[in-house]
Amino acid sequence: MIIKFKKATIEDISVLISIEESVAGTKIYSPMLDEKKWAEEIEKNTVYLILKDGVIVGNISYEIKNSNHAYISGFAIDSRFQNQGIGKEVLTRLLEELKDNKRIDLVTHPDNEAALKLYKSFGFVVESKKENYFGDGEPRLVLVLEK
């Protein structure tokens, strides 16, 4: 399995939305389906399309908060490609890219067991729980990896 990252551009917004649509429809994931929000995300943060053997299978994005702190703002694997070890490979590569940050954090739904298992396997720990984090009425756990 060859996993590559391709920096997303404005031209990729429809692809990003289709990935998000593939994982929408459950309370454990709040998809980003708005073109304007994607344009803002691409402009201010790092957004990658994830390619497996040349096929787009997901996206991951992060924001550099300061010289020691990165926030993983989005991570989705198209539902057709889940449970193939792609998430683990992607997180391994991203954490290598962010290795100079002393703090890396992200949020996930408390019922998203697959995501929690993945993040905890990399050493992330639950720091706090925030209600209605994305304004969708659902809580999120803040997970942190500190070095």
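For reference, positions follow the sequence shown, starting with 1. Values below: all heavy atoms of this structure, side chains included; hydrogens, waters and symmetry mates excluded. Just so we're clear, the structure is a prediction, and the values are computed from it rather than from any experiment.
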[X] atom [atom1], neighbour heavy-atom count above 12 within 6.0 Å:
| X | atom1 | result |
| --- | --- | --- |
| Lys6 | NZ | yes |
| Asn83 | CG | no |
| Glu35 | CD | no |
| Ile2 | CD1 | no |
| Lys117 | NZ | no |
| Glu146 | CD | yes |

If we only count heavy atoms from C-beta on, is the [X] to [Y] side-chain gap below 4.5 Å?
| X | Y | result |
| --- | --- | --- |
| Lys130 | Leu141 | no |
| Phe75 | Leu106 | no |
| Leu143 | Val107 | no |
| Glu96 | Lys99 | yes |
| Val90 | Ile50 | yes |
| Glu131 | Arg140 | no |

Roughly how far, to the nearest 0.5 Å, is the CG atom of Leu145 from the CG atom of Leu95?
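Here the rounded value is 6.0 Å.
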
Can you measure from CG (Asp105) to NE2 (His69) and round to the nearest 0.5 angstrom?
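That separation rounds to 3.5 Å.
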
Is it true that [X] and [Y] make a salt bridge, defined as a side-chain N closer than 4.0 Å to a carboxylate O?
| X | Y | result |
| --- | --- | --- |
| Glu63 | Lys65 | yes |
| Glu127 | Arg103 | yes |
| Lys36 | Asp34 | no |

Checking [X] side chain against [Y] main chain: does a donor-acceptor pair fall under 3.5 Å?
| X | Y | value |
| --- | --- | --- |
| Ser22 | Ser79 | yes |
| Asp78 | Gln82 | no |
| Asn112 | His109 | no |
| Asp12 | Thr9 | yes |
| Trp38 | Leu33 | no |

Would you name the heavy atoms of [X] and [Y] that are closest together and state the gap between them?
| X | Y | answer |
| --- | --- | --- |
| Leu16 | Ala8 | CD1-CB, 4.2 Å |
| Lys120 | Val126 | CE-CG2, 4.2 Å |
| Val55 | Phe81 | CG1-CZ, 4.1 Å |
| Tyr119 | Thr108 | CE1-CB, 4.2 Å |
| Pro110 | Pro139 | CD-O, 3.3 Å |
| Ala70 | Ile64 | CB-CD1, 4.0 Å |

Ile3 and Ile86: CA distance, side-chain angles, deciding distance, side-chain contact (heavy atoms from CB on, under 4.5 Å) verdict = CA-CA 8 Å; Ile3 298 292; Ile86 296 169; 4.0 Å; yes

>> Quick one, Ser61 with Glu41, criterion side-chain contact (heavy atoms from CB on, under 4.5 Å). Give me CA distance, side-chain angles, the key distance, then yes/no.
In response: CA-CA 8 Å; Ser61 52; Glu41 182 77 4; 3.3 Å; yes

Over-ring placement of Arg93 relative to Phe5, 6.0 Å and 45° cut-offs =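 Yes, a cation-pi geometry.
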
In terms of hydrophobic clusters joined by side-chain contacts under 4.5 Å, are [X] and [Y] together?
| X | Y | answer |
| --- | --- | --- |
| Ile19 | Leu118 | no |
| Ile60 | Val47 | no |
| Tyr48 | Ile13 | no |
| Phe124 | Ile77 | yes |
| Met32 | Val15 | yes |

Verdict with supporting geometry, Phe122 and Thr92, side-chain contact (heavy atoms from CB on, under 4.5 Å):
CA-CA 8 Å; Phe122 281 88; Thr92 299; 3.3 Å; yes

- Task: Report the C-alpha separation of Val144 and Ile104 in whole Å, then their side-chain angles, then the decisive distance to 0.1 Å, and conclude whether the side-chain contact (heavy atoms from CB on, under 4.5 Å) test is met.
- Result: CA-CA 6 Å; Val144 179; Ile104 301 169; over 6 Å; no

